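Some notes on the structure that comes next.
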Amino acid sequence: MKTLSTILQNAKQRAEQHGLPYAGALTPQEANQVLELAPVARLVDVRTKAELELVGRVPAATHIEWAFYPGMVANPDFLTQLDKQVDREALVMFLCRTGGRSHNAAAVAAEAGYAEAYNVLEGFEGESTPDTKQRGQINGWKAAGLPWTNA
């Protein structure tokens with residue numbers, strides 16, 4: 001297992017290489033290792049309640065919807081809810097289905113003063129297969145065999 005500093009340095013290098021507006025970009029495996037190595041780190045799942053109920057959830061995650069189902073209407077209270085649940089000094093990682101909403105959440109959090117905001121690349125389900133269009137098989141949290149539940 002890599003050290004926390006090595007994992008975060010790699011994530012920060014990815015952010016610099018891609019011009020990302022937040023601290024770094026982590027693979028699902030790296031995000032899980034961060035949770036193991038830094039118990040004070042927070043994983044914030046920004047998917048909808050429907051996604052959590054139908055697809056599954058990460059047991060250690062805090063849930064704050066980025067947008068509401070149906071219609072994917074933006075959550076106007078996202079930052080307020082984040083501030084109530086996550087200290088601005090904390091290392092916070094954002095997770096969604098494929099990495100898009102979590103990218104936006106990490107960017108907004110960084111702009112609001114969360115200096116250690118990270119996006120979890122690939123998301124919970126990852127890319128869809130070319131033939132069946134199913135997710136959770138190519139990459140992402142589930143495909144990596146990381147902890148999750150349907151409960």
Side-chain angles (χ1 to χ4, degrees), residues 1-49 51-52 55-69 72-130 134-148:
M1 180 181 283
K2 296 178 182 175
T3 66
L4 181 61
S5 61
T6 301
I7 293 167
L8 296 180
Q9 184 58 41
N10 289 341
K12 288 174 191 251
Q13 287 176 345
R14 283 187 203 106
E16 289 172 11
Q17 289 170 348
H18 297 285
L20 301 175
Y22 39 81
L26 296 157
T27 66
Q29 295 87 340
E30 290 170 337
N32 188 58
Q33 287 178 338
V34 168
L35 290 173
E36 292 173 359
L37 295 169
V40 295
R42 300 291 298 275
L43 178 65
V44 177
D45 192 327
V46 300
R47 294 177 297 147
T48 65
K49 288 180 183 176
E51 288 173 295
L52 297 180
V55 180
R57 66 184 74 221
V58 178
T62 297
H63 180 241
I64 304 172
E65 291 177 283
W66 177 255
F68 301 111
Y69 178 84
M72 298 311 285
V73 176
N75 177 358
D77 299 319
F78 179 80
L79 265 177
T80 302
Q81 293 170 355
L82 184 63
D83 281 339
K84 286 181 181 176
Q85 297 183 58
V86 178
D87 188 305
R88 286 183 184 243
E89 301 297 316
L91 188 160
V92 59
M93 303 172 287
F94 294 93
L95 176 76
C96 69
R97 183 175 76 172
T98 60
R101 285 174 282 172
S102 56
H103 163 83
N104 294 336
V108 165
E111 187 177 314
Y114 288 82
E116 292 296 313
Y118 294 81
N119 181 29
V120 179
L121 302 167
E122 304 168 12
F124 186 73
E125 292 183 87
E127 297 174 60
S128 60
T129 59
Q134 290 183 323
R135 295 187 185 278
Q137 298 175 5
I138 295 176
N139 58 15
W141 191 276
K142 283 176 83 171
L146 301 173
W148 69 280

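Just so it is clear, the model here is predicted, and its values are computed rather than measured. Heads up: numbering here begins at 1 and tracks the sequence.
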Original post:
If you take all heavy atoms of N139 and G126, which pair is closest and at what distance?
Top reply: OD1-CA, 3.0 Å

**OP:** Just say parallel, tilted or perpendicular for the rings of W66 and F78, cut-offs at 30° and 60°.
**Re:** perpendicular

**OP:** Answer yes or no: does atom CD of Q13 have more than 12 heavy-atom neighbours from other residues, nucleotides or ligands under 6.0 Å?
**Re:** yes

Subject >> Side-chain donor or acceptor of E65 paired with backbone N/O of K49 under 3.5 Å >> reply: yes

Subject >> Neighbour count above 12 (heavy atom, 6.0 Å) for E89 CD >> reply: no

**OP:** Determine, stepwise, if the pair F124 / L146 fulfils side-chain contact (heavy atoms from CB on, under 4.5 Å).
**Re:** CA-CA 10 Å; F124 186 73; L146 301 173; over 6 Å; no

Original post:
Does E125 pair with R47 as a salt bridge, N-O distance under 4.0 Å?
Top reply: no

**OP:** Looking only at non-hydrogen atoms, find the nearest pair between A106 and N119 and report the distance.
**Re:** CB-N, 4.2 Å

Original post:
Of the non-hydrogen atoms in P147 and V58, which two are nearest, and what is the gap between them?
Top reply: O-CG1, 3.9 Å

Original post:
Distance from M93 atom CE to L26 atom CG, nearest 0.5 Å?
Top reply: 6.5 Å

Subject >> Partner of L43 under side chain to side chain contact (heavy atoms under 4.5 Å, CB included), chosen from V34, N32, V92, V120 >> reply: V120

Original post:
side chain to side chain contact (heavy atoms under 4.5 Å, CB included) with Q33: which of L4, T6, I7?
Top reply: I7

Subject >> Derivation of the side-chain contact (heavy atoms from CB on, under 4.5 Å) call for V108 and L82 >> reply: CA-CA 11 Å; V108 165; L82 184 63; over 6 Å; no

Subject >> Minimum-distance pair of heavy atoms, taken over all atoms of A109 and A117 >> reply: CB-CB, 4.2 Å

Original post:
With a cut-off of 6.0 Å (strictly less than), are more than 12 heavy atoms of other residues, nucleotides or ligands near CZ of F68?
Top reply: yes

**OP:** Take L20 and H103, measure what side-chain contact (heavy atoms from CB on, under 4.5 Å) needs, and give me the verdict at the end.
**Re:** CA-CA 9 Å; L20 301 175; H103 163 83; 4.0 Å; yes

Subject >> Straight-line distance of T62 OG1 to L95 CG, nearest 0.5 Å >> reply: 11.5 Å

Subject >> pair E51-R97: side-chain heavy atoms closer than 4.5 Å >> reply: yes

**OP:** Identify the heavy atoms of A15 and Y22 that sit nearest to each other, and give their distance.
**Re:** CB-O, 3.7 Å

**OP:** Could you please spell out the steps behind the side-chain contact (heavy atoms from CB on, under 4.5 Å) verdict for T48 and M72?
**Re:** CA-CA 8 Å; T48 65; M72 298 311 285; 3.9 Å; yes

**OP:** Look up atom NZ in K142 and atom CD in E122, then write down how far apart they are to the nearest 0.5 Å.
**Re:** 14.5 Å

Subject >> Between NZ on residue K2 and CG on residue N10, distance to nearest 0.5 Å >> reply: 5.0 Å

Original post:
Does the R42 side chain pair with the main chain of Q85, one donor and one acceptor, at a distance under 3.5 Å?
Top reply: yes

Original post:
Closest heavy-atom contact between C96 and R101?
Top reply: SG-N, 3.4 Å

